Amino acid sequence: MVLELYLDLLSQPCRAIYIFAKKNRIPFEMRTVELLKGQHLSDAFAQVNPLKKVPALKDGDFILTESVAILLYLTRKYQVPDYWYPQDLQARARVDEYLAWQHTALRRNCLRALWHKVMLPVFLGEPVPPQTLAATLSELDVTLQLLEDKFLQNKTFLAGAHISLADLVAITELMHPVGAGCQVFEGRPKLDAWRQRVEAALGKDLFQEAHEVILKAKDSPPADPTIKQKMMPGVLAMIR
Amino acid sequence: MDLELYLDLLSQPCRAVYIFAKKNGIPFKMHTMELCKGGSGQSPRVGTCRDIPEMRDMRFLSAKHTAILIYLSCKYQTADHWYPRDLQARARVHEYLGWHADHIRGTFGVPLWTRVLAPLIGTQVPEEKMERNRIAMDQALQQLEDKFLGDKAFLAGQQVTLADLMALEELIQPVAVGHDLFEGRQRLAAWRGRVEAFLGAELCQEAHGPILSVLELVAKKTFPVPQPEAYPNMLRRIARIP
């Protein structure tokens with residue numbers, strides 16, 4: 001039975017999983033769950049993930065949620081090249097360390113930047129006070145500095161000399177504020193050079209394809225009122 | 001060089017690391033860090049994130065609790081149940097840890113800040129935020145019980161894993177400041193009983209002692225008063241309470 005992935009490329013962890021599966025030629029069937037149409041809130045999707053979140057994986061009877069768990073599952077099941085999640089104990093711990101950090105830091109800031117700058121005002125028609133947006137963007141700035149100083153340092157990739165899950169998860173996060181029109185890489189030559197290395201390692205075409213949706217987020221037509229009503233509680237909880 | 005752990009047992013992930021190392025007979029040298037004492041001058045990890053627990057094992061340094069637990073379980077080849085080799089069983093542990101990072105971590109530590117640490121440095125968290133925190137904890141506990149625990153003995157299966165340890169330590173935090181989360185949640189209370197029985201009463205007492213005596217120390221005014229140089233970090237933490 002073929003692997004099924006429930007994804008929406010608007011979501012940053014979904015993009016990481018999509019790129020990972022494609023890049024490693026893991027055969028899968030894509031089940032698109034359109035977040036902006038509220039499809040993740042449907043009863044049908046609740047059968048797959050009662051928590052009503054993407055991404056989700058279905059491998060026969062085995063259903064798995066949470067992006068890092070899915071990436072690690074694919075890594076182990078399909079025996080992808082070692083550098084994604086190295087066998088070496090300390091190298092692996094570096095990747096784990098980044099994956100643990102990003103959850104509470106970069107993830108939150110990138111998500112808030114996108115929603116405060118674009119999705120709330122443009123898609124949901126909810127104006128965001130300028131001071132809220134300014135606070136969000138300055139928090140993002142602090143986190144980007146940490147990413148550069150503490151994780152990237154002078155290395156080629158976040159966890160060492162090779163690309164790993166850490167880089168994939170990081171770049172797909174950063175494309176969120178980029179999609180919102182933030183100049184994430186401006187004035188950060190080290191981070192910008194890293195981005196180019198990551199893009200090259202993943203392949204330009206694949207990178208482009210996975211990010212088409214987010215790069216067009218700015219032009220989303222306004223949500224229809226029913227969808228908006230359905231989505232608001234979840235959105236507010238997500239970006240709180 | 002021996003493994004060195006930089007811990008404060010008032011911190012929930014630090015306790016998880018401490019219990020894990022002790023329970024598995026991993027030899028380590030403990031450096032006690034006091035979060036409220038501000039700087040981490042004694043920490044060897046200068047100039048980087050001052051997260052604890054920190055671990056120093058030869059030249060290897062790491063700063064995130066789940067990474068530390070995974071590292072320890074691999075390096076010391078602890079019993080398989082903690083972090084199972086089986087593909088699907090291990091995925092269940094990671095599934096929990098991912099959810100935990102978003103819904104448990106950062107939420108269950110809040111009551112200690114609102115009830116004890118904030119007043120200690122003369123600040124108050126608005127009631128509105130405290131209410132929001134209670135709601136967030138309730139929702140998370142419901143999902144924890146329904147989605148993760150279900151009818152199983154433990155969160156990721158029929159045996160104790162890193163998931164149970166991480167969860168238990170977080171849930172102890174509000175309990176220690178008088179918010180008994182287990183009241184009226186029989187399934188969760190029974191799970192707590194199973195995890196603590198597995199870990200052993202003595203080890204639990206030792207690891208939970210400091211946090212469980214916080215209210216008593218505050219009442220007796222013997223809880224260490226934070227140093228002024230700790231204030232900026234503490235205020236930043238308080239400001240981040242949603």
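Since the structure is predicted, the reported quantities are computational estimates derived from the model, not experimental observations. In what follows, chains carry the letters A, B, and so on, assigned in the order in which the sequence lines appear, proteins first and then strands, with residues in each chain numbered from 1.
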Completion exercise
Separation between CG (A:Asp96) and CD1 (B:Ile68), nearest 0.5 Å, reads 11.0 Å
Problem - Heavy-atom neighbours of A:Asp88 CG exceed 12 at 6.0 Å - result: yes
Exercise for the section: Inspect the surroundings of CD in A:Gln79 and state if more than 12 heavy atoms from other residues, nucleotides or ligands are less than 6.0 Å away. Expected result: no
Exercise for the section: Could you tell me whether B:Gln186 atom CD has more than 12 heavy atoms of other residues or ligands within 6.0 Å of it? Expected result: no
Problem - Separation of A:Gln90 CD from B:Lys75 NZ (nearest 0.5 Å) - result: 7.0 Å
Fill in the blank from the handout: Rounded to the nearest 0.5 Å, the OH atom of A:Tyr73 sits from the CZ atom of B:Arg92 at a distance of 9.0 Å
Completion exercise
Tightest non-hydrogen contact, residues A:Ala93 and B:Ala67, listed as O-CB, 4.0 Å
Exercise for the section: Answer yes or no: does atom CD of A:Gln145 have more than 12 heavy-atom neighbours from other residues, nucleotides or ligands under 6.0 Å? Expected result: yes
Exercise for the section: Sort A:Leu71 into side chain, backbone, both or neither according to what part of it lies under 4.5 angstrom from a heavy atom of chain B. Expected result: neither
Completion exercise
On a heavy-atom basis, the closest approach of B:Asp102 and A:His103 is OD1-ND1, 3.2 Å
Handout entry: Pick from A:Thr65, A:Asp59, A:Ile70, A:Val95 with the largest number of heavy-atom pairs that fall under 4.5 Å of chain B
Key = A:Thr65
Practice task
Check A:Arg76 against B:Arg85 and note the closest heavy-atom contact, atom names and distance.
Solution key: NH2-O, 2.6 Å
Fill in the blank from the handout: Distance col, row A:Leu51:CG vs B:Lys147:NZ, nearest 0.5 angstrom, shows 5.0 Å
Handout entry: Heavy atoms of other groups near B:Glu131 CD, more than 12 under 6.0 Å
Key = yes
Handout entry: More than 12 heavy atoms from other groups under 6.0 Å of CG on A:Asp61
Key = no
Practice task
Please indicate whether B:His103 has more than 12 foreign heavy atoms, meaning atoms of other residues, nucleotides or ligands, lying under 6.0 Å from its NE2.
Solution key: yes
Completion exercise
Taking every heavy atom of B:Glu95 against every heavy atom of A:Ile63, the minimum-distance pair comes out as OE2-O, 4.3 Å
Handout entry: Proximal component of B:Ile70, with respect to chain A [non-hydrogen, under 4.5 Å]
Key = side chain
Problem - Exercise: identify the closest heavy-atom pair between A:Glu66 and B:Gly98 - result: OE1-C, 3.3 Å
Practice task
Go through the atoms of B:His100 and report whether side chain, backbone, both or neither lie under 4.5 Å from a heavy atom of chain A.
Solution key: neither
Problem - Atom NZ of B:Lys29: over 12 foreign heavy atoms under 6.0 Å - result: no
Fill in the blank from the handout: d(B:Tyr71 OH, A:Leu89 CG) to nearest 0.5 Å is 5.0 Å
Handout entry: A:Leu72 portion near chain B, given a 4.5 angstrom heavy-atom threshold
Key = side chain
Handout entry: Minimum heavy-atom distance B:Ala91-A:Ala69, with the two atoms named
Key = O-CB, 3.9 Å
Problem - Toward chain A, the part of B:Gln88 with a non-hydrogen atom under 4.5 Å - result: both
